[in-house]
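Everything below concerns the one structure shown next.
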Amino acid sequence: MRWRNQSHITEFLLLGLTSDPKEQIRIFVSFLAMYLVNVAGNSVIIAAIRGDVHLHTPMYFFLSNLSLVDICFTTVIVPQMLVNMVTQRKTILFAHCLTQMYFFVAFAVTDSFLLAAMAIDRYVAICKPLHYTTTMNPRRCLLLLIASWVVSHLHSLLYTILMARLSFCGPNVIHHFFCDVQPLLTLSCSDTSVNELLAFTEGSFVIMTPFIYIIVSYVHIACAVLRVPSGKGRYKVFSTCGSHLTVVTLFYGTIISVYFRPSSTYSVTKDRVVTVIYTVVTPMLNPFIYSIRNNDMKQALRNLINKKKSQLS
């Protein structure tokens with residue numbers, strides 16, 4: 001078997017969040033509920049956008065794709081974790097572990113690129129409204145989406161290949177609830193300097209480039225908003241960005257605190273808690289964040305509900 005030639009270890013042991021049976025029951029129920037809310041909420045967002053022609057705009061095009069990625073992102077981790085808790089089988093094959101890591105990294109990076117695309121959309125809409133239709137045309141939006149997926153998967157493939165070349169001689173216990181990059185690096189008995197160098201160079205570039213685009217976009221948006229004479233007008237313009245800013249803060253705040261530091265400072269307890277926020281909690285909250293204060297989304301959801309009611313009656 002190819003993996004056996006690369007490593008002494010052929011499987012890992014995922015410890016999960018706790019070994020206490022009572023705590024496991026509470027965690028199982030909580031994670032199952034959050035996962036179902038995530039899938040249901042994001043699916044409703046996608047259906048509402050697809051079903052309302054008024055929402056066939058660049059902003060909602062990117063939002064529907066963000067919802068799809070959020071479903072995939074959480075699905076890579078949570079179902080396997082729940083199965084492990086039910087069966088009490090915590091082992092995962094090395095090949096399966098790398099596969100999970102690959103898709104986890106790919107969807108996380110796609111998330112960041114889509115958030116950047118949404119920030120650019122808001123910048124053009126607020127700062128250059130006369131050029132909005134030509135700048136954010138369907139072809140350009142599709143190219144942005146394709147580029148997000150392609151770059152994300154190439155980035156993840158590079159990480160996975162470099163992880164596969166490492167040797168794992170023992171122990172094989174991962175103090176986490178899924179196969180993440182940092183926990184795997186701490187278990188390797190070979191030199192991980194290339195992996196860490198990649199994380200601080202190419203990894204920083206791929207993650208921070210969208211973040212910089214978001215920051216620059218919002219600096220221009222803030223300047224444009226401050227030039228609006230009335231306070232009511234400023235609030236109306238900036239309110240269209242509030243949901244996006246909330247999601248960006250949650251996503252990037254947790255990502256940066258976990259990944260952009262040396263593996264020697266890795267903290268099992270702290271990082272597991274922070275990881276739960278951006279892998280499970282944030283994707284679950286996104287549908288609520290984007291719909292609670294968005295009148296267009298509220299109307300689309302009402303239309304979707306009324307359409308389903310009329311189909312049933």
Side-chain angles (χ1 to χ4, degrees), residues 11-47 64-112 114-115 149 152-153 156 159-160 163 173-184 247 250-255 257-259 268-290:
E11 62 181 22
F12 292 102
L13 186 68
L14 289 167
L15 290 188
L17 293 171
T18 181
S19 58
D20 185 344
K22 291 183 179 179
E23 284 294 323
Q24 280 190 348
I25 294 172
R26 282 195 284 268
I27 290 172
F28 178 87
V29 172
S30 300
F31 272 70
L32 178 60
M34 286 190 289
Y35 178 68
L36 293 176
V37 170
N38 170 19
V39 173
N42 282 296
S43 297
V44 168
I45 292 290
I46 295 169
S64 63
N65 280 280
L66 182 70
S67 294
L68 174 62
V69 172
D70 281 342
I71 293 172
C72 297
F73 186 40
T74 310
T75 300
V76 169
I77 299 166
V78 176
Q80 182 63 54
M81 175 190 171
L82 296 177
V83 169
N84 290 349
M85 292 176 73
V86 170
T87 62
Q88 292 298 307
R89 179 180 170 81
K90 298 183 177 182
T91 56
I92 183 170
L93 293 174
F94 182 55
H96 294 172
C97 191
L98 288 184
T99 302
Q100 187 183 57
M101 189 196 80
Y102 170 84
F103 284 107
F104 164 72
V105 173
F107 290 131
V109 176
T110 306
D111 240 351
S112 69
L114 289 175
L115 289 172
W149 281 88
S152 302
H153 281 270
S156 184
Y159 265 70
T160 306
M163 188 67 76
V173 178
I174 299 177
H175 295 271
H176 216 319
F177 57 95
F178 70 100
C179 293
D180 199 359
V181 177
Q182 290 288 3
L184 283 173
V247 173
L250 284 170
F251 181 80
Y252 273 100
T254 50
I255 287 279
S257 69
V258 172
Y259 294 103
V268 174
T269 305
K270 177 189 171 185
D271 286 10
R272 278 191 299 194
V273 172
V274 175
T275 305
V276 167
I277 294 173
Y278 77 84
T279 58
V280 183
V281 177
T282 302
M284 178 195 69
L285 292 177
N286 282 356
F288 300 101
I289 294 171
Y290 280 109

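- Note that the NE2 atom of His96 and the CZ atom of Phe12 stand 13.0 Å from one another [nearest 0.5 Å].
- Contact detail for Pro287 and Gly41: the closest heavy-atom pair is CG-C, 3.6 Å.
- The side-chain contact (heavy atoms from CB on, under 4.5 Å) check on Ser152 picks up Val109, Thr110, Phe113, with sequence neighbours excluded.
- Using a 4.5 Å heavy-atom cutoff, the side chains of Thr282 and Ile277 are in contact.
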From CA spacing to verdict: side chain to side chain contact (heavy atoms under 4.5 Å, CB included), Phe178, Val76 = CA-CA 9 Å; Phe178 70 100; Val76 169; over 6 Å; no

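- Residue Val78 is tested with Val83, Val280, Val39 for a side-chain contact (heavy atoms from CB on, under 4.5 Å); the sole match is Val280.
- For Met85, the side-chain contact (heavy atoms from CB on, under 4.5 Å) partners at least two apart in sequence or on another chain are Gln24, Ile27, Phe28, Met81.
- Of the inter-residue distances, the one linking Thr160 atom OG1 with Gln100 atom CD reads 11.5 Å to the nearest 0.5 angstrom.
- Considering only residues two or more places apart in sequence or on other chains, Leu14 meets the side-chain contact (heavy atoms from CB on, under 4.5 Å) condition with Asn84, Ile92, Ile174, Cys179.
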Side chain to side chain contact (heavy atoms under 4.5 Å, CB included) between Phe107 and Trp149, worked out = CA-CA 8 Å; Phe107 290 131; Trp149 281 88; 3.7 Å; yes

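- Atom CG in Asn42 sits 5.0 Å away from atom CD1 in Ile71 (nearest 0.5 Å).
- Residues that satisfy the side-chain hydrogen bond (donor to acceptor under 3.5 Å, both in side chains) test with Asn286, not counting sequence neighbours, are Asp70.
- With sequence neighbours left out, Ser43 forms a side-chain hydrogen bond (donor to acceptor under 3.5 Å, both in side chains) with no residue at all.
- Annotation: side-chain hydrogen bond (donor to acceptor under 3.5 Å, both in side chains) contacts of Tyr35 (sequence neighbours excluded): Thr75.
- A donor-acceptor pair is defined here as one N or O able to donate and one able to accept, closer than 3.5 Å; such a pair exists between the side chain of Thr254 and the backbone of Phe251.
- Considering only residues two or more places apart in sequence or on other chains, Ser112 meets the side-chain hydrogen bond (donor to acceptor under 3.5 Å, both in side chains) condition with none of them.
- Closest non-hydrogen pair, Asp20 versus Lys22, comes out as OD1-N, 3.1 Å.
- Leu66 is listed as a side-chain neighbour of Asp111, based on a closest heavy-atom distance under 4.5 Å.
- Checked by atom type and distance alone, the side chain of Asp180 never pairs as donor or acceptor with a backbone atom of Gln182 at under 3.5 Å.
- Remark: Tyr159 pairs with His155 by the ring pair (Phe, Tyr, Trp, His ring centres under 6.0 Å) rule, at least two apart or across chains.
- In this structure, the separation between CG on Leu184 and CE on Met163 is 5.0 Å, given to the nearest 0.5 Å.
- In terms of the salt bridge (charged side-chain N to carboxylate O under 4.0 Å, His left out) criterion, Glu11 has no residue partners (sequence neighbours excluded).
- The backbone N or O of Met34 lies less than 3.5 Å from no partner atom in the side chain of Asn38, so there is not a single donor-acceptor pair.
- Partners of Phe73 by ring pair (Phe, Tyr, Trp, His ring centres under 6.0 Å), not counting sequence neighbours, listed by chain and number: Phe104.
- Judged as a ring pair (Phe, Tyr, Trp, His ring centres under 6.0 Å), and not counting sequence neighbours, the contacts of Tyr252 are Phe211.
- Residues satisfying the salt bridge (charged side-chain N to carboxylate O under 4.0 Å, His left out) test with Arg26, not counting sequence neighbours, are Glu23.
- Note that CG of Leu82 is 11.5 Å distant from CD1 of Ile77, once rounded to the nearest 0.5 Å.
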